[in-house]
Amino acid sequence: MSLVIDAKVVQNKQIIPGHYRITLATPYCTEKARPGQFLHVRCGSTQDPLLRRPISIHAVDPQAGEVSLLYRVAGRGTALLAEYRVGDMVSIFGPLGRGFTLPKGDGKVCVVSGGIGIAPLYFLLQKLAGLGIFATVFQGVATAKQILIEDEIRELGHSVVVATDDGTKGFHGTVTSLFEDFLRGGGLVSKPGINEDGLVSCIFTCGPPAMMKRLSEIAAQQGAYCEVSLEERMGCGVGACLSCACKIKDGSGWFHYRRACVEGPVFPAGEVFWE
Amino acid sequence: MSLVIDAKVVQNKQIIPGHYRITLATPYCTEKARPGQFLHVRCGSTQDPLLRRPISIHAVDPQAGEVSLLYRVAGRGTALLAEYRVGDMVSIFGPLGRGFTLPKGDGKVCVVSGGIGIAPLYFLLQKLAGLGIFATVFQGVATAKQILIEDEIRELGHSVVVATDDGTKGFHGTVTSLFEDFLRGGGLVSKPGINEDGLVSCIFTCGPPAMMKRLSEIAAQQGAYCEVSLEERMGCGVGACLSCACKIKDGSGWFHYRRACVEGPVFPAGEVFWE
Amino acid sequence: MSSKGSNGTSAGKPKLAVNVGGIQMINPVTTASGTFGFGTEYAPYVDLNRLGAIVVKGTTLAPRAGNPTPRLVETPAGVLNSIGLQNPGVDHFIDEALPYLAGFDVPVIVNISGDTVEDYARLADRLSQAGGVAGLEVNISCPNVKKGGMQFGSDPIMAAEVTRAVKGKTSLPVIVKLSPNVTSIVSVAEKVAEAGADALSLINTLLGMSIDTKTRRPFLGNVMGGLSGPAIRPVAVRMVWQVYQAVKLPIIGMGGIVTAEDAIEFILAGATAVAVGTANFVNPHTTIDVVEGIEKYLYENGVSDLNELIGAAHG
Amino acid sequence: MSSKGSNGTSAGKPKLAVNVGGIQMINPVTTASGTFGFGTEYAPYVDLNRLGAIVVKGTTLAPRAGNPTPRLVETPAGVLNSIGLQNPGVDHFIDEALPYLAGFDVPVIVNISGDTVEDYARLADRLSQAGGVAGLEVNISCPNVKKGGMQFGSDPIMAAEVTRAVKGKTSLPVIVKLSPNVTSIVSVAEKVAEAGADALSLINTLLGMSIDTKTRRPFLGNVMGGLSGPAIRPVAVRMVWQVYQAVKLPIIGMGGIVTAEDAIEFILAGATAVAVGTANFVNPHTTIDVVEGIEKYLYENGVSDLNELIGAAHG
Ligand SMILES: Cc1cc2nc3c(=O)[nH]c(=O)nc-3n(C[C@H](O)[C@H](O)[C@H](O)COP(=O)(O)OP(=O)(O)OC[C@H]3O[C@@H](n4cnc5c(N)ncnc54)[C@H](O)[C@@H]3O)c2cc1C
Ligand SMILES: Cc1cc2nc3c(=O)[nH]c(=O)nc-3n(C[C@H](O)[C@H](O)[C@H](O)COP(=O)(O)OP(=O)(O)OC[C@H]3O[C@@H](n4cnc5c(N)ncnc54)[C@H](O)[C@@H]3O)c2cc1C
Ligand SMILES: Cc1cc2nc3c(=O)[nH]c(=O)nc-3n(C[C@H](O)[C@H](O)[C@H](O)COP(=O)(O)O)c2cc1C
Ligand SMILES: Cc1cc2nc3c(=O)[nH]c(=O)nc-3n(C[C@H](O)[C@H](O)[C@H](O)COP(=O)(O)O)c2cc1C
Ligand code: FES
Ligand code: FES
């Protein structure tokens with residue numbers, strides 16, 4: 001079960017311009033959370049903004065009993081969240097939603113992020129490292145300054161390659177092009193230690209819809225299992241309001257709506273009805 | 001002219017339960033403010049609460065360029081204000097309104113407060129002390145624990161006598177009874193140094209309407225000049241919205257509405273159309 | 001008063017029970033349709049047996065897919081939604097949701113919507129025979145569907161017709177849920193009362209919209225949506241006040257209730273019961289907090305029975 | 001585009017000027033009647049010459065004392081007011097306020113209210129002869145007065161009658177201000193358009209109320225009041241959107257505008273101009289901030305003329 005908790009802010013720091021990491025003391029969530037799940041966060045204490053904001057669980061520190069969120073200041077709610085200081089209490093509700101399926105078999109695991117999409121994937125990478133699974137992380141950002149937590153990911157033992165839209169660092173182009181390049185065994189990433197495990201068996205991705213759609217096509221071509229984390233505006237977070245409807249294939253070539261907050265936000269890429 | 005300014009919080013401290021004093025760095029207001037004027041304060045940064053809150057200027061420190069407000073946590077806005085910490089910025093608009101008329105002639109000056117009504121009167125007492133005028137302050141509160149800034153007033157050179165509804169300190173009864181007792185030369189306050197200047201020439205008062213009404217009657221009987229600071233719900237603070245209407249005598253035995261924010265909040269007691 | 005409680009005050013807890021058109025509720029707090037799912041979703045957070053009643057998500061004859069996304073956008077102190085009555089249809093409701101709810105000891109009120117008067121009648125018929133339903137809430141006021149919905153709600157004659165059709169097919173208490181998007185809510189309430197409604201729910205959402213200045217297009221997939229939440233409370237309280245003065249039916253008041261104080265505002269205006277809607281999204285425990293807060297208010301104000309407060313602000 | 005500005009973008013500032021039913025405005029931003037006094041009150045904070053127009057406090061034939069206090073109560077993201085059209089009467093306005101405003105180079109629009117159709121006609125007559133008035137805004141929608149006011153606004157036939165009466169007595173542009181407390185704002189707008197209105201203002205306040213749970217009595221001295229502020233913006237935008245689709249008159253949009261983005265939302269929905277109301281109370285400089293913000297938006301989005309954005313969200 002998920003709970004509404006007032007959690008104490010342990011840290012709330014801007015890590016790159018417009019992006020913050022907030023660390024909350026919450027042994028309950030630390031214990032319950034699985035990668036891909038989110039917290040429904042109350043930003044501020046008044047009726048404006050009114051609703052909670054869904055933010056993925058970014059990292060978990062079981063020893064300290066702390067959970068971290070990595071967030072981009074996108075509007076009013078996240079701007080208020082950025083004002084919280086150490087010692088303040090934040091009302092969180094969670095962990096909520098269905099997370100990533102941890103891989104069991106062999107084969108290469110790839111993690112592909114676009115922008116702030118790296119947030120939930122880091123927690124996944126923590127868990128993978130704990131299972132002795134080391135992934136190659138493809139991080140796409142607009143420009144070098146927006147690269148997030150590259151070192152932290154390396155510290156877990158994973159490899160990281162970066163694509164920037166403007167070519168200021170790493171691969172010059174989209175992260176999907178970088179990934180395709182990798183699959184072809186070419187270019188920037190075909191250096192020792194990255195592409196040597198052979199077949200890609202599993203892809204986890206979070207980012208803009210167009211990126212995730214393209215990756216799900218690539219995964220299908222490769223015969224790799226792929227999971228995507230979808231974003232939809234949320235109300236209740238518990239499946240009651242039907243606002244977070246996502247189009248999921250219904251088996252007959254058409255779609256039915258599924259709720260990102262309970263049946264997702266992580267879905268097998270092959271089940272998503274992409275538009 | 002009054003201005004909208006973001007002023008830095010120098011201090012914000014609970015001085016008795018539910019009552020705070022906030023000190024703001026604002027040389028502009030320090031210079032412009034006159035006793036009885038108020039600031040229109042934005043509590044929080046969102047659209048709930050939406051309106052500013054009128055709070056009287058409580059004290060001014062010209063050397064430091066600081067203005068203090070003394071406020072009671074009455075609802076949502078003041079509760080949010082209590083959360084501001086040193087270094088935060090508060091949006092203030094002011095000084096606004098018409099303040100007290102500083103006395104020129106001889107005769108005893110009396111200052112009578114009920115509850116949080118002491119807030120604007122302290123600034124008046126600062127100014128009076130500066131003019132070498134020392135007043136007798138009658139402070140009425142419900143119970144001893146709610147006595148406010150008694151020592152600070154004494155430090156300015158004024159005398160203070162207290163009335164508590166429950167008799168836990170000073171006079172047991174209302175502050176108006178205490179004041180009447182004083183006028184009759186009796187009881188608690190007729191000790192050396194208080195009632196020796198002779199006739200009361202001037203009364204300044206702020207507190208619950210019933211208290212101010214009674215005082216204005218007493219003042220009329222005594223032939224003393226009396227000013228009251230009225231409270232009415234405010235919108236704009238500049239005279240445009242007509243929400244802060246106060247009933248003022250129109251000369252024909254009836255009343256017309258006057259705006260507390262520009263024609264007040266301080267009015268000569270004799271002009272108020274009491275109900 | 002012969003005995004005193006151990007804490008020295010008058011004996012016993014204040015009485016919270018109310019009766020809404022024949023539905024006996026242990027307290028005046030219920031859920032606003034569409035904000036509490038079928039109850040299941042909130043069961044981990046709320047002991048459903050502690051609610052006065054549960055009003056479930058709007059049900060239609062056939063399943064509905066609902067509107068395109070985005071379906072929800074926040075506005076100042078409010079929320080616009082255009083869910084579009086997504087629901088699995090009445091048969092699925094009867095087969096799947098009702099048996100689950102039968103496990104609780106709480107009146108279940110089913111919110112029904114149709115495209116035609118006949119639809120409403122058939123829904124009433126089906127649900128009356130299903131068993132386990134305590135009452136019907138007739139939604140003649142949903143702004144989020146093309147046909148039916150608000151059209152019925154904004155025309156007093158049509159509203160009465162739907163009411164009569166439902167009454168003709170059921171012996172369950174019939175609560176008619178009114179639309180606030182009308183010139184005179186009182187006219188609609190009067191006609192619906194004449195047509196035999198047992199109670200009224202008000203208000204449904206205000207029709208609104210919001211435009212994204214980045215894309216220069218409406219935010220909601222369905223362009224317009226229904227405004228709910230604290231923003232609309234003053235309108236809702238006013239309508240309860242007006243209808244209470246004009247019509248002698250019990251009212252379920254709703255629109256922006258977040259705290260017990262908000263609920264009491266509605267009760268003082270004339271509501272016999274209140275429903276919590278959007279606030280559930282913010283705090284899943286709101287309904288119970290409101291129940292407890294009302295009890296505390298009664299206690300602190302020396303009111304022994306909630307019924308004494310109903311309409312008390314009319315003085 | 002032959003020349004480029006020094007910063008590399010297309011030459012020149014974006015054009016902000018609009019025309020509202022014959023009133024030429026240097027930008028689309030005006031003030032909502034009753035929230036900006038007679039202009040004087042805000043002159044220390046706002047260079048009145050930088051406004052598109054000034055709409056002054058509602059004026060009546062005879063002076064009015066207004067309603068009992070309290071007249072204002074805050075609600076979530078909104079404000080309820082029941083000022084009750086306190087004003088010194090049209091003669092006083094003409095003698096005292098107009099000469100002051102004549103010192104500025106800004107169109108002055110006078111908001112008029114009456115108890116009878118005849119009142120409106122006489123006000124139109126008086127003000128047309130006074131000189132210095134750029135247009136009349138006919139308030140058929142004030143919820144805070146017993147007679148007239150909203151009654152006219154909620155009945156399309158009456159609304160049209162008032163419009164015709166005013167048009168018959170003036171050659172000034174006539175803007176009719178509509179009430180949102182109706183089932184169909186479009187029906188009212190259509191009738192008013194037929195009756196010869198030159199422009200429409202929408203919306204006035206939503207009728208609401210609030211009850212004090214401590215005293216158990218309505219907060220406002222006048223019981224009900226008009227709801228304004230950000231809370232009502234979704235309703236206002238929706239109404240502008242609907243009326244824009246149905247009626248070919250320029251619209252002054254208002255209801256909860258606080259930022260330039262809010263103003264653009266109204267313009268995209270179909271407003272030619274916008275009015276800032278309650279937000280003036282929060283920040284006396286709001287009107288100018290909105291003017292500057294709109295200019296910035298146009299600039300950043302490469303829109304050379306604001307008129308291109310009017311109704312652009314209809315796509
Ligand atoms: C399951 C889930 C997990 C998420 N995890 C993260 C995360 O780890 N880090 C992070 O920075 N963000 C995350 N988001 C997105 C985050 O919820 C939004 O950025 C946030 O709600 C914006 O709130 P705001 O008040 O700051 O912005 P608003 O003022 O509400 O809106 C600003 C902008 O954000 C967009 N937006 C608002 N709500 C959502 C939403 N629910 N989904 C997508 N876009 C939205 C709006 O379209 C608008 O352009 C997640 C969203 C979901 C659904
Ligand atoms: C000119 C003036 C000077 C003031 N000076 C001070 C001061 O120095 N210190 C101080 O503590 N308070 C002062 N007040 C009162 C103060 O403005 C209110 O307590 C405050 O606005 C309450 O805001 P809130 O959001 O905390 O309460 P809300 O949630 O808005 O309301 C809580 C309670 O406060 C009452 N209230 C709300 N607004 C007003 C108002 N404008 N006037 C009176 N009561 C109101 C309500 O009736 C309610 O019971 C002054 C008021 C005026 C008009
Ligand atoms: C997401 C959502 C879905 C809703 N669905 C329904 C519905 O199916 N049937 C109905 O009668 N009302 C529906 N409503 C309206 C609510 O029941 C209620 O009347 C309204 O939201 C006002 O209450 P609130 O402000 O407490 O939310 C819905 C409201 C919301 C926010
Ligand atoms: C205090 C106050 C007084 C008002 N007085 C008038 C008036 O005299 N005439 C009128 O047509 N509208 C009046 N209105 C309505 C506003 O002009 C405007 O239509 C409404 O407030 C919505 O805009 P806002 O949300 O920006 O305030 C008044 C509004 C307020 C808040
Ligand atoms: S957010 Fe309410 S159903 Fe998903
Ligand atoms: S507060 Fe607006 S006129 Fe006084």
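None of these values were measured; they are calculated from a predicted model. Chain A is the first sequence line, chain B the second, and so forth, proteins listed ahead of strands; every chain is numbered from 1.
- Residues C:G66 and A:Y257 approach most closely at O-CE1, 4.3 Å, considering heavy atoms.
- The candidate with the highest count of non-hydrogen atom pairs below 4.5 Å against chain C, out of A:L3, A:D48, A:L51, is A:L51.
- The shortest non-hydrogen separation linking C:F281 to A:C241 is CZ-CB, 3.4 Å.
- For A:V4, the part sitting under 4.5 Å from any heavy atom of chain C is the side chain, from C-beta outward, and nothing else.
- Side-chain contact check for C:R71 versus A:L242: some heavy-atom pair is nearer than 4.5 Å.
- The shortest distance between side-chain heavy atoms of A:V238 and C:Y45 falls below 4.5 Å.
- Within a 6.0 Å sphere centred on NZ of A:K8, other residues, nucleotides and ligands contribute 12 heavy atoms or fewer.
- Highest contact tally toward chain C, considering only A:G77, A:G237, A:C244, A:G239, is held by A:G239 [criterion: heavy-atom pairs under 4.5 Å].
- Atom CD of C:E292 sits in a crowded spot, with more than 12 heavy atoms from other residues, nucleotides or ligands closer than 6.0 Å.
- Heavy-atom contacts from other residues, nucleotides or ligands closer than 6.0 Å to CG of C:N49 number more than 12.
- Scanning both residues, C:L72 and A:S243, for their nearest heavy atoms gives CB-CB, 3.6 Å.
- Between the side chain of C:E74 and the main chain of A:L50, a donor-acceptor pair closer than 3.5 Å is present.
- Both the backbone and the side chain of C:T69 come within less than 4.5 Å of a heavy atom in chain A.
- The stretch residues 81-95 of chain A places A:F93 near chain C, each with some heavy atom under 4.5 Å from a heavy atom of that chain.
- For C:V258, the part lying under 4.5 angstrom from a heavy atom of chain A is the side chain only.
- The backbone N or O of C:V282 lies less than 3.5 Å from no partner atom in the side chain of A:R42, so there is not a single donor-acceptor pair.
- Close approach to chain C, defined as a heavy atom under 4.5 Å from one of its heavy atoms, is seen in no residue of residues 262-275 of chain A.
- The most heavy-atom pairs under 4.5 Å with chain A, out of C:G229, C:A77, C:A279, come from C:A77.
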Step-by-step side chain to side chain contact (heavy atoms under 4.5 Å, CB included) determination, C:E41 to A:R259: CA-CA 12 Å; C:E41 295 85 351; A:R259 297 161 299 177; 3.9 Å; yes

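- At least one side-chain heavy atom of A:C236 sits less than 4.5 Å from a side-chain heavy atom of C:Y42.
- Listed for the A:R233 side chain is no donor-acceptor partner under 3.5 Å among the backbone atoms of C:P70.
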